[in-house]
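Accompanying notes for the structure given below.
Just so we're on the same page: letters track the sequence lines, and every chain starts at 1.
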Protein chains: 2
Amino acid sequence: MIKPRSRRGGGRPTIADVARKAGVGAITVSRALREPERVSEELRRQIQAAVDELGYVPDPNARALASARAEVFGVLVPSLTNNVFAEVVRGIYDSLSASPFRIQLGNTHYSGLEEERLLQLFGSQRPAALIVAGIDQTPTSRKLLENAGCPVVQVMETGPDPVDMMVGFSHLDGGRAATEHLIEAGYRRIGFIGARMDPRSQRRLAGYRAAMEAAGLFDPRLVTTTPVLSSVSLGREMLRDALAKVPTLDGVFCNNDDIALGVLFECHRASIAVPKTIGIVGFNDLDMMQVAFPSVTSIRTHRYEIGRRAVAMALAAIAGNRPDQRVIDLGFELKRRESTDR
Amino acid sequence: MIKPRSRRGGGRPTIADVARKAGVGAITVSRALREPERVSEELRRQIQAAVDELGYVPDPNARALASARAEVFGVLVPSLTNNVFAEVVRGIYDSLSASPFRIQLGNTHYSGLEEERLLQLFGSQRPAALIVAGIDQTPTSRKLLENAGCPVVQVMETGPDPVDMMVGFSHLDGGRAATEHLIEAGYRRIGFIGARMDPRSQRRLAGYRAAMEAAGLFDPRLVTTTPVLSSVSLGREMLRDALAKVPTLDGVFCNNDDIALGVLFECHRASIAVPKTIGIVGFNDLDMMQVAFPSVTSIRTHRYEIGRRAVAMALAAIAGNRPDQRVIDLGFELKRRESTDR
DNA sequence: GGCGAAAGTGGTAGCGCTACCATTCCGCAG
DNA sequence: CTGCGGAATGGTAGCGCTACCACTTTCGCC
C-alpha cells in the first residue's frame, strides 16, 4: 500500500515537485511564474515544461499567506437579483476574467450591519482591492475601508468625500432631470413612486423635489414610497395607492424601471391612456423600456461601464499609478420615449 | 521608533497573540474557535475575552493552508445578469450567510472552455463544495468535478447520471407541459421562440416538439431560434420573424419570460389580440408575468429553492451524511393566466 | 487501591509558498 | 590581476494556522 506523500494535502504537485523536475530551486520556479523577466530564457522554458507535465497550479492560499496579500477583489453590493447591480458585477467579472485576480462577492441586503460584517470578513483575507456600492457607509465601515490597506473604489454614486476612489453618477441630478422632463412635457401633478428607499433612491427623490419646488408644483401628497423591495407588482400597487391619494395625478417619476413597468401595466389594465392621461418616466433604462408599449422614457445609467472603470482604477492603483482624478462621474442620459410624448 | 512586529503581515493580531493574552496554548485557541465543546467553559470565556479585546479575526488563508481545506463554496453559473441564475445564486448566498463558508462565484458565459478554466482555478483552492449549473459538462470538466475531492451539486436540471448530487427539474417536461397547455386551450399553429439555445433551452424545445408531434401538429417552420443572448427586445423581433414565416401562427411557447414579454409588447404594438388571436406561454414565471396586461401564462420554476437545496445537500455531505436521494427533482408549476385564456 | 479510559491541554512540525539575504558568476575598470 | 557591480540563482526562515501526538489530570470501575 502506497503511503500518501504527506499526512495532509491532496497529493497534488507543489512548487517543490516542479523545481525538482526542472532541476532548479523552488524560488526560481516561483519567480518564473510571477516575474518571468527576472529568470533566464532557458530556465523559464524548462520550468514551463515541468509545470505543464505535472499540471501544477499554485495554491492561492499558500501564496496569500506567504506574501501577505491575496489576489482577490472584494466586491460588496446590496442585492444580487437587482439587475442594476448584476450589471455592475458583470462589468467587474468581465474586466477581471483575464487577470489572476479572483472575486469575492458579498451581498449586504441593503444592511449597514451586514456590510460591516462582510467588510470585516473580507478584510481578514487581505484583498488586493475592495469595490463597494454606495457612499453611505457607516462610520465603522468607513474606518474598515480606510484601514483596509488596499485600493478602495466606491461605485454607483459620486460624492465629495471618497474613501479612496469613486465611479458613478449623481442620482440627485438624475431625479431632477427626469422630473424636469415631465414638467417640460406639460405634466403638472407629477407623482414620485419609489420602493426600497435606499440612499440612492432618497437622492433621486431629492432631485424630484428640487425640480418640483423650482416649478412651484411640489405637494407632499404626490410622493408615495415604501421600504419594501422593489418589484413590478409593487409598481402596480403603488400606482393604485398614488391615484387613490391624488386622483388628478397626470405623471409619475418612478424610482426604477421595475416600478415603471408595473405602473405601465396598471395603466393598461385601468384603461388610463399613456402618455395622454399619465406620463411615465423610469430610471436605469433596462432593455425592456424601449420595447414596452408604449415605450417608456427612462434615465439611462452606465452600470456595466461603472464596473469596468472601477476595476481599471483599482488595477492602476495596484500597479502604483493611482489616477489623478479620484472621482469619475459617468453621468446619465435621458431617453425620451412614447410614455412622455404628448 | 517601534519596529514592526514582523517583517510581513499587517500587524494584526494572530492566534499567538490571543493565546498569550488568554494565558493558554495557541492550539487551544484554535479549538475554542472551531470546536468549542472540546474546551472547558472557563478557558472558552477567557479566550473569547481575549479575542474581543484584540479584535482577532482568523486568517482564512492560513487556515486553508494548514487544514488543506478552504471554507469556500465554488459556484459556477453561465450568466450573472440572467434573473434565473441570479435567484439561484441568491438562494445560495442566503443559505450560506450564517455559516463560516465564503462563496467563490464564477461566470462561465455559457462556454465549456471557460467552465474548465474556472474549475481548474477553483480546484486549486480545495473548496469545501462545488455547485455548478447544468448537467452538460465537457468530459474534462466532468473529470475535474469527479476529482475535486469535495461534494459536488449540479443544479437547475435533473438527469440520470449525477457526478455526485443534483437539484433541479426536467426542462423537457416543462416544455412539454407548456405546449400541451396551449394545445388544450385550442391553439393549433403553435410556435416555439427561443434565444441562446443552451442545453436547457434545447430540452425545452424537445419537450415542445414531443407535445406537438403527439398531437400531430409539429411543423419545423414553427420553430424560431437564435444563438443570440435572450432579451425582451429580441422577443419582439423574433415574433416578427415567426409571423413572417407563418402568418397563421396562433400561439407561442417562449423559451423564457424575457422573450414572452417582448412577444406580448409586439402583439400590443401590432394590435394582435392576446389571448384571442395569439396565445402566449413563458418560462420561469418572473414576478412581472402575473402583473403584465394581459397576465402571461408561464412555467413557474423554483430557482431560489434550488439554490437553498443545493447548499443543504452540500452541507449534509460535508457533515458526513450524504443524502440517500442524490437527485432531487423540485418540479415546476404551470401558472395559467390571461394570455392563454380563451 | 490500582488501572484504564476519557477529557482537557499543549508542543512540535509542518501546510505550500515567498521575502530576504547570500552566493555565484560574469564582465569590465583600474 | 584585483576589485567591484550587477544579473541570475538559491538557501533559509518564516507567513498564521492546524494535524498529530503526547502529556496530565480526573473519574469510574473492578
| Is any side-chain heavy atom of Val152(A) less than 4.5 Å from a side-chain heavy atom of Met165(A)? | no
Protein-nucleotides 22-27 of chain C N/O pairs closer than 3.5 Å?
none

| request: Would you list the pairs meeting side chain to side chain donor-acceptor pair (under 3.5 Å) in which at least one residue belongs to residues 316-325 of chain A, sequence neighbours left out? | output: Asp164(A)-Arg322(A)
| query | Any side-chain heavy-atom pair from Thr108(A) and Leu118(A) closer than 4.5 angstrom? | reply | yes
| Quick one: Asp59(B) CG to dC17(C) C1', roughly how many Å, whole number? | 13 Å
| field | Residue pairs, two or more places apart or on separate chains, that pass salt bridge (charged side-chain N to carboxylate O under 4.0 Å, His left out) and touch residues 28-37 of chain B | value | Glu35(B)-Arg38(B)
| said: Any salt bridge linking Glu87(B) with Arg90(B)? Criterion: basic side-chain nitrogen under 4.0 Å from a carboxylate oxygen. | reply: yes
| field | Closest to the Ser67(B) side chain, choosing from dT18(D), dG16(C), dC17(D) | value | dT18(D)
| query | Using rotation axes that map the C1' atoms of four end pairs onto the next four (five pairs an end), what angle separates the end axes of the helix from dG1(C)-dC30(D) to dG30(C)-dC1(D), to 10°? | reply | 50°
| field | Euclidean distance, atom CD1 of residue Ile47(A) to atom C1' of dA8(D) [Å, nearest integer] | value | 12 Å
| said: Which residues in residues 28-46 of chain B have a heavy atom closer than 4.0 Å to any atom of DNA chain D? | reply: Ser30(B), Arg34(B)
| message | What verdict does the side-chain hydrogen bond (donor to acceptor under 3.5 Å, both in side chains) test give for Glu115(A) and Thr138(A), after you've listed the backbone C-alpha separation in whole Å, the side-chain angles of each residue and the deciding distance to 0.1 Å? | response | CA-CA 9 Å; Glu115(A) 186 170 57; Thr138(A) 64; 5.6 Å; no
| query | Are Arg308(A) and Glu305(A) close enough for a salt bridge, meaning some N to O gap below 4.0 Å? | reply | no
| task | Answer yes when Glu71(B) and Arg102(B) have at least one side-chain N-carboxylate O distance shorter than 4.0 Å, and no when they do not. | result | no
| Please, which pairs that meet side chain to side chain donor-acceptor pair (under 3.5 Å) have at least one residue in residues 53-65 of chain B, sequence neighbours excluded? | Lys21(B)-Glu53(B)
| field | salt_bridge(Asp161(A), Arg142(A)) N-O dist < 4.0 Å | value | yes
| query | On DNA chain D, nearest-nucleotide positions of Asn61(B) versus Ile27(B): which is more 5'? | reply | Asn61(B)
| said: Can you measure Gln125(A) atom CD to dC15(D) atom C1' for me and round it to whole angstrom units? | reply: 16 Å
| request: May I ask you to say whether Arg117(A) pairs ionically with Glu114(A), meaning some side-chain N is under 4.0 Å from a carboxylate O? | output: yes
